[in-house]
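A short write-up of the structure that comes next.
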Amino acid sequence: MVGNADDAQDVVQEAFLSAYQSLDGFKGDSQFFTWLYRIAVNNAISYKRKQRLSLSLNRGKNGEQGIELPDLSEMSRPDYALEMAEQERRIQQALNRLSVEHRAVLILKDMEGQKYETMAEILQVPIGTIRSRLHRARLELRELLDEN
């Protein structure tokens, strides 16, 4: 959700710290995983908001995010590795152009394989909203990838 592995690790670390500090606030209404995941999603959203604000205040600076390339030693063909790296770059750029809501449902469903019910709990929206956002996000992602 945040664009690169280093930032994601920072967000997850903050999420665990926040969860630890808020353990007494866990009521057991949902699964612990869902509660913790919601904290992580909220931290990721907050991070992106702060990042956008920082970028808007510092417009002259390069705001592109780095992309981790796959481990080339594991690839048998050098051209395959280059193709994969380019594809990952294109997908990451397209994901970064989606709204936070659309990016979240795509990552939860298509990358992490979460169930609709879990996604609805994590994002605190009805399942119908999850399905609608996922459909729109996939269409928008397809359009963005077709542009390039």
Side-chain angles (χ1 to χ4, degrees), residues 1-59 61-75 81 84-148:
M1 287 183 65
V2 296
N4 70 51
D6 290 334
D7 292 340
Q9 289 175 350
D10 290 342
V11 167
V12 169
Q13 183 176 358
E14 287 295 319
F16 276 110
L17 183 61
S18 296
Y20 179 74
Q21 292 171 340
S22 303
L23 271 175
D24 57 334
F26 177 64
K27 297 177 180 113
D29 295 337
S30 63
Q31 293 180 0
F32 182 77
F33 167 81
T34 305
W35 178 76
L36 179 61
Y37 207 99
R38 183 66 213 170
I39 292 172
V41 167
N42 286 344
N43 281 357
I45 291 169
S46 295
Y47 175 83
K48 290 301 283 184
R49 282 188 188 132
K50 289 176 190 173
Q51 192 178 41
R52 257 190 239 118
L53 179 62
S54 174
L55 289 175
S56 67
L57 294 175
N58 303 317
R59 289 190 183 230
K61 295 185 178 177
N62 184 359
E64 291 183 30
Q65 296 180 354
I67 294 176
E68 288 191 22
L69 297 175
D71 184 2
L72 298 179
S73 65
E74 295 179 8
M75 305 295 180
M84 292 303 295
E86 175 62 19
Q87 183 177 5
E88 284 184 32
R89 184 192 64 75
R90 288 182 60 232
I91 292 170
Q92 187 63 50
Q93 284 180 338
L95 281 172
N96 288 339
R97 291 176 60 188
L98 296 176
S99 69
V100 173
E101 292 84 9
H102 286 172
R103 187 177 325 122
V105 294
L106 273 176
I107 290 171
L108 289 171
K109 185 65 178 165
D110 294 339
M111 295 180 176
E112 296 184 8
Q114 297 292 334
K115 294 180 181 179
Y116 288 115
E117 294 81 10
T118 304
M119 293 169 61
E121 279 187 58
I122 290 169
L123 299 175
Q124 299 175 336
V125 296
I127 291 176
T129 302
I130 295 293
R131 292 177 195 268
S132 173
R133 284 182 185 175
L134 187 58
H135 176 72
R136 289 187 181 122
R138 287 174 175 160
L139 289 176
E140 188 177 353
L141 184 63
R142 186 176 301 128
E143 287 177 17
L144 290 170
L145 290 171
D146 286 345
E147 283 178 7
N148 297 329

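Values below: every heavy atom of this structure, side chains too, minus hydrogens, waters and symmetry copies.
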* To do: Take Arg136 and Ser132 through the test side chain to side chain donor-acceptor pair (under 3.5 Å) and record every step on the way to the result.
  => CA-CA 6 Å; Arg136 289 187 181 122; Ser132 173; 2.8 Å; yes
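- Among all heavy-atom pairs drawn from Leu144 and Ala94, the shortest one is CD1-O, 3.5 Å.
- Note that NZ of Lys115 is 12.5 Å distant from CD1 of Ile122, once rounded to the nearest 0.5 Å.
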* To do: Carefully, step by step, assess Val105 and Glu101 under the rule side chain to side chain contact (heavy atoms under 4.5 Å, CB included).
  => CA-CA 7 Å; Val105 294; Glu101 292 84 9; over 6 Å; no
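- When all heavy atoms of Ile39 and Ser18 are compared, the pair lying nearest together is CG2-CB, 3.9 Å.
- Across all non-hydrogen atoms, the minimal contact from Leu108 to Met119 is CB-CG, 3.9 Å.
- Taking all atoms of both residues into account, the shortest heavy-atom contact from Ala40 to Ala15 is CA-CB, 3.6 Å.
- One finds the CG atom of Leu141 at 5.5 Å from the CG atom of Leu98 (value rounded to the nearest 0.5 Å).
- Between Ala104 and Leu123, the shortest heavy-atom contact is CB-CD2, 4.1 Å.
- A 6.0 Å sphere centred on CZ of Phe33 holds more than 12 heavy atoms belonging to other residues, nucleotides or ligands.
- Interatomic distance, Ile107 CD1 to Leu95 CG, rounded to the nearest 0.5 Å: 6.0 Å.
- Atom CG of residue Asn96 and atom CD1 of residue Ile91 lie 12.0 Å apart, to the nearest 0.5 angstrom.
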* To do: Step by step, work out the side chain to side chain contact (heavy atoms under 4.5 Å, CB included) result for Glu14 and Val11.
  => CA-CA 5 Å; Glu14 287 295 319; Val11 167; 5.7 Å; no
* May I have the step-by-step check of side chain to side chain contact (heavy atoms under 4.5 Å, CB included) for Leu134 and His102, ending in yes or no? => CA-CA 7 Å; Leu134 187 58; His102 286 172; over 6 Å; no
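- Between the OG1 atom of Thr129 and the CD atom of Gln124 there is a distance of 12.5 Å, given to the nearest 0.5 Å.
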* **Step-by-step side chain to side chain contact (heavy atoms under 4.5 Å, CB included) determination, Ser30 to Tyr37** => CA-CA 11 Å; Ser30 63; Tyr37 207 99; over 6 Å; no
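- The shortest side-chain heavy-atom distance between Arg138 and Lys109 falls under the 4.5 Å cut-off.
- One N or O on the side chain of Arg90 and one on the backbone of Leu145 form a donor-acceptor pair closer than 3.5 Å.
- The closest side-chain heavy-atom distance from Thr34 to Arg38 is not below 4.5 Å.
- Crowding of Gln13 atom CD: a count of heavy atoms from other residues, nucleotides or ligands under 6.0 Å not exceeding 12.
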* Asked: Hey, mind stepping through Gln93 and Arg97 against side chain to side chain donor-acceptor pair (under 3.5 Å) and telling me if it holds?
  -> CA-CA 6 Å; Gln93 284 180 338; Arg97 291 176 60 188; over 6 Å; no
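- Within the 4.5 Å cutoff, the side chain of Trp35 has heavy atoms near those of the Leu23 side chain.
- Taking the six-membered ring where the residue is Trp, Phe26 and Phe32 present perpendicular rings, their angle passing 60° and hence far from 30°.
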